[in-house]
2 protein chains.
Amino acid sequence: MDKRVTIIDVARHAQVSTTAVSKVLRNAYGASPAMRAKVQQAIAELGYRPNAAARGLRGQTYTIGVMIPELRNLFFADIIDGITAQLGGTDYQVLIAPGCNGEKEEARVIDAMTDRSMDGLILIAPVSSKKRLTEVARATPTVVVGRHGSSPTYDSVTDDDVVGAALVVDHLADLGHRRIAHIEHHETDRVRLAEMPNAQRANGYREAMTRRGLSEFIDIASTSYTHEGGYVGAKQLLTRAERPTAVFAGADVVALGALEAIAEAGLSVPGDISVAGYDNSALASFGPISLTSVDQDGRQMGADAARLVIGRITDRERRTVQVKLSPTLAVRRTTARAAPHT
Amino acid sequence: MDKRVTIIDVARHAQVSTTAVSKVLRNAYGASPAMRAKVQQAIAELGYRPNAAARGLRGQTYTIGVMIPELRNLFFADIIDGITAQLGGTDYQVLIAPGCNGEKEEARVIDAMTDRSMDGLILIAPVSSKKRLTEVARATPTVVVGRHGSSPTYDSVTDDDVVGAALVVDHLADLGHRRIAHIEHHETDRVRLAEMPNAQRANGYREAMTRRGLSEFIDIASTSYTHEGGYVGAKQLLTRAERPTAVFAGADVVALGALEAIAEAGLSVPGDISVAGYDNSALASFGPISLTSVDQDGRQMGADAARLVIGRITDRERRTVQVKLSPTLAVRRTTARAAPHT
DNA sequence: TCGGACGTGGGTAACGTTTTCCAAATGTTT
DNA sequence: AAACATTTGGAAAACGTTACCCACGTCCGA
């Protein structure tokens with residue numbers, strides 16, 4: 001339990017002041033190359049590492065907090081990969097706060113990160129009110145990922161969910177499908193209705209169906225973005241007098257639930273019904289499943305978010321920006337040509 | 001950008017000293033019920049939240065760091081769930097450090113957590129040398145999950161991998177299989193050879209095969225615990241003059257890779273070949289896959305780890321303990337009776 | 001030669017807590 | 001009533017770092 005080496009030890013060892021050591025550590029102005037070298041050697045010899053808590057008290061903590069609503073969603077893992085890749089090589093460390101389902105839990109987690117004086121926050125698909133997010137971002141540089149709408153205080157990175165939904169509808173319509181149903185995440189809150197990806201996907205679905213002249217076939221099962229939600233939603237859709245020939249699930253995990261319900265009903269995919277998901281998670285590309293899905297390029301989203309948060313840490317006055325990425329469609333084996341119309 | 005409320009503001013507002021406030025915050029001795037009430041009211045009125053960085057400089061940071069080697073492994077998500085569930089309701093916040101594949105990356109991450117003066121560390125399946133782990137644990141209360149062997153400085157939580165492997169072999173042997181092959185994670189380091197779960201699983205496989213009188217059929221493909229490793233390993237096994245009738249993959253993700261290779265070879269599961277995995281991750285239980293797998297109860301492991309780390313924070317002198325849980329087998333549809341021996 | 005600009009280095013006061021005393025008040029035993 | 005223990009509250013010194021400012025040389029142009 002020997003004490004940690006401090007900046008004072010380094011200063012003594014290099015025969016300079018602690019100010020000098022601090023300057024070297026931060027690449028700050030006012031240190032000659034000679035002194036720099038001397039200090040760096042002392043740091044190396046003593047194996048000194050700065051104490052982040054102490055740093056945080058005056059300056060930065062070199063920590064970026066990432067809030068993730070759900071560890072099991074593989075799409076989020078892609079985002080994290082993008083973030084860490086972008087931040088690799090810098091002094092910043094990424095720390096993830098897990099398990100924040102629900103507004104209350106989310107508030108607790110955001111508070112915890114703020115309390116730890118993190119330099120920047122990346123919030124993935126937060127459910128908090130816009131007011132709250134705006135306040136948080138006022139105190140700490142923040143990037144919100146996966147939530148539409150702009151804010152004067154935080155940057156945002158989103159996927160164009162309307163386009164994504166259209167990709168699916170067009171793909172299915174091109175294959176001859178008309179009865180294309182959708183399973184959505186039920187949303188009540190008015191603001192979130194406009195900002196959350198799930199709502200945008202449902203809107204995109206409606207628009208695209210209308211554009212293709214299929215408005216009479218619009219059919220939405222309103223459940224939730226979970227495996228269970230997909231299962232229940234598909235069950236509902238299968239009881240229709242005229243069964244849909246294709247199901248567009250709002251997320252991959254939903255599609256998996258739907259697949260299970262369809263299999264239970266004794267129907268085959270894509271023979272009887274085509275199924276498409278959203279997120280193109282690792283699950284979707286897994287051979288035996290091979291789910292057609294909208295690809296959001298999570299890595300790119302994560303990298304952009306990291307870039308933006310660092311940018312805002314550097315210049316807090318800069319105007320906020322909104323990055324909107326375009327999704328692509330990964331066509332696989334769960335979608336196929338529809339049977340001729342009866 | 002209004003300044004944060006500090007302990008000084010609270011003290012002033014409640015007309016007491018900062019010491020008094022601090023005592024109330026920490027439930028420390030020396031505060032009368034009357035004062036406690038007064039201070040708590042002031043805290044509520046001002047919406048005060050203690051600054052973790054400042055706390056860390058003298059006392060605790062109320063932060064537990066969890067190192068996780070791979071975000072995509074769903075088994076790890078179960079462990080995290082167990083940890084957060086156990087810690088819910090306490091003042092401790094869990095922060096996860098991602099992306100630490102490789103010894104060097106792992107060292108960087110552990111350093112980062114130490115630098116941030118975390119109160120406790122939970123290291124999941126670390127690959128660092130035992131010496132290094134021992135040193136880390138000397139500086140910070142640490143629990144190692146998923147690595148066998150005991151240490152004088154850290155507690156450990158493991159699953160009995162030898163038993164787990166035996167469960168699979170017995171299950172398959174009971175179904176009439178004799179050519180039961182295994183796909184292992186290749187290991188070179190001598191210490192890790194004894195401590196890492198993958199090695200224990202391979203040992204358990206050998207022992208069980210011998211015990212069942214099947215030693216002549218022992219057949220191991222040595223690749224890695226990845227999807228790719230499972231694919232390659234299965235390819236190897238399928239080229240044998242006499243093809244195995246069952247494959248025991250050391251991890252679920254490996255089993256998935258194997259399933260893909262088997263499907264490509266035009267063979268059916270479990271008709272031609274039975275496949276079993278390890279970890280019983282969410283993937284394994286997913287209907288269309290329905291993989292027979294060893295269940296480790298990750299939630300329980302996480303809960304135990306959290307309990308132990310808090311215990312060690314409270315009493316750093318207590319002797320280290322080793323918790324060893326017993327796995328069970330979740331039998332599903334990828335294993336079936338073997339064809340009669342030819 | 002003077003005066004300012006610039007480069008170099010350090011002294012010192014924060015930052016927001018906890019911890020270690022210490023003093024005063026109160027209670028309890030002889 | 002004296003002596004002693006306990007409770008209650010606070011003053012002040014850490015903790016390790018950074019930010020702010022000042023001092024001293026040296027260089028250069030006027």
* To do: For B:Thr18 and for B:Gly30, locate the closest nucleotide of DNA chain D by heavy-atom distance; then report the residue assigned to the nucleotide nearer the 5' terminus.
  => B:Gly30

* To do: Might you point out which heavy atoms bring A:Ser128 and A:Ile110 nearest each other, and give the distance in Å?
  =>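 Result for this residue pair: OG-CD1, 4.4 Å.
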
Report the distance from atom [atom1] of [X] to atom [atom2] of [N], rounded to the nearest whole Å.
| X | N | atom1 | atom2 | result |
| --- | --- | --- | --- | --- |
| A:Arg58 | D:dA19 | CZ | P | 7 Å |
| A:Lys38 | C:dG10 | NZ | C1' | 12 Å |
| B:Tyr29 | C:dT19 | OH | P | 17 Å |
| B:Asn51 | C:dA14 | CG | P | 18 Å |
| A:Arg49 | D:dT17 | CZ | C1' | 15 Å |
| B:Asp9 | C:dG16 | CG | C1' | 11 Å |
| A:Lys23 | D:dC20 | NZ | P | 12 Å |
| B:Arg36 | D:dT7 | CZ | P | 13 Å |

Do [X] and [Y] have side-chain N/O donor and acceptor atoms under 3.5 Å apart?
| X | Y | answer |
| --- | --- | --- |
| A:Arg36 | A:Ser32 | no |
| B:Thr134 | B:Arg138 | no |
| A:Ser151 | A:Thr153 | yes |

Can you find a side chain N or O atom of [X] that sits less than 4.0 Å from OP1 or OP2 on [N]?
| X | N | answer |
| --- | --- | --- |
| B:Arg55 | C:dT18 | yes |
| B:Arg26 | C:dT19 | yes |
| B:Tyr62 | C:dT17 | no |
| B:Ser17 | D:dG10 | yes |

* Are B:Gln86 and B:Tyr92 close enough that some pair of their side-chain heavy atoms sits under 4.5 Å apart? -> no

Counting only side-chain heavy atoms from C-beta out, which of [options] sits nearest to [X]?
| X | options | answer |
| --- | --- | --- |
| B:Ile7 | D:dG9, C:dT18, D:dA19 | C:dT18 |
| A:Ala54 | D:dG16, C:dG10, C:dT17 | D:dG16 |
| A:Leu25 | C:dG16, C:dT18, D:dT18 | D:dT18 |
| B:Met35 | D:dG9, D:dT17, C:dG10 | D:dG9 |

Report which part of the nucleic acid [X] touches: base, sugar-phosphate, or nothing (heavy-atom distance under 4.0 Å, all strands).
| X | answer |
| --- | --- |
| A:Ser32 | sugar-phosphate |
| A:Val16 | sugar-phosphate |
| A:Thr19 | base |

